[in-house]
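First comes the structure, then the notes that go with it.
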Amino acid sequence: MIKKSSLFEKILSVVAKIPKGKVTTYGGIGLFLGLKDARVVGWALHQNKDPIKCPCHRVVDKSGGLSKGYAFGGRNRQEELLASEGILFKKDGNVDLNKHLWLPDIRK
DNA sequence: TGGATGACCTACA
DNA sequence: CTGTAGGCCATCC
């Protein structure tokens, strides 16, 4: 049900569909939207100011690591939010993609 | 109109 | 493994 609008809305729609306890990657969203870059995804999330509709904390990088550090007010904050949803972290401080990786449904 | 910016990814040395 | 370079998309000034 992705409408034809700015990628901003598309990305937000995808992120909003992320089930609780799951995480997705920038590259995954970009690939889903047919983009060849993950920058747009990061850009959209950065421009996003509605964490209620867009759980940015559920979006991680390809390695399962969190963003640079100034996402929500600190990387620690994101970890806290993810942990609050039942997402486990590895000793590296990265999300366990093997258990929580989720990708958008292309059919829908 | 056009350069600069951005929460990234991949490839190569 | 770390560092550098390129890429491509949208928005802002």
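Any value given below was found using the heavy atoms of this structure, including those in side chains, with hydrogens, waters and symmetry copies removed. Throughout, a chain's letter reflects where its sequence line sits, starting with A, and its residues are numbered from 1.
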Without decimals, in angstroms, what is the distance between [X] [atom1] and [N] [atom2]?
{"X": "A:Asp61", "N": "B:dC9", "atom1": "CG", "atom2": "P", "value": "5 Å"}
{"X": "A:Gln47", "N": "B:dC8", "atom1": "CD", "atom2": "C1'", "value": "15 Å"}
{"X": "A:Leu31", "N": "B:dC9", "atom1": "CG", "atom2": "C1'", "value": "12 Å"}
{"X": "A:Arg39", "N": "B:dG6", "atom1": "CZ", "atom2": "P", "value": "10 Å"}
{"X": "A:Leu33", "N": "B:dC9", "atom1": "CG", "atom2": "P", "value": "15 Å"}
{"X": "A:Leu35", "N": "B:dC9", "atom1": "CG", "atom2": "C1'", "value": "13 Å"}

* Establish, from distance only, whether the side-chain atoms of A:Glu85 and A:His57 form a donor-acceptor pair under 3.5 Å. => yes

* **First encountered from the 5' end of DNA chain B, between A:Trp43 and A:Val60** => A:Trp43

* With no hydrogens and no angle check, is any side-chain donor or acceptor of A:Lys22 less than 3.5 Å from a backbone partner on A:Lys99? -> yes

* **Set of side chain to side chain donor-acceptor pair (under 3.5 Å) partners for A:Gln47, sequence neighbours left out** => none

* Asked: So do A:Arg58 and A:Thr24 actually touch side chain to side chain, heavy atoms under 4.5 Å?
  -> no

* To do: Please tell me if the side chains of A:Phe89 and A:Val95 come closer than 4.5 Å, counting only heavy atoms from C-beta onward.
  => yes

* For DNA chain C, note the earliest and the latest nucleotide, 5' to 3', having some atom under 4.0 Å of a heavy atom belonging to chain A. => C:dG7 to C:dT11

Table please: side-chain donor-acceptor pairs of residues 27-44 of chain A below 3.5 Å, with sequence neighbours left out.
none

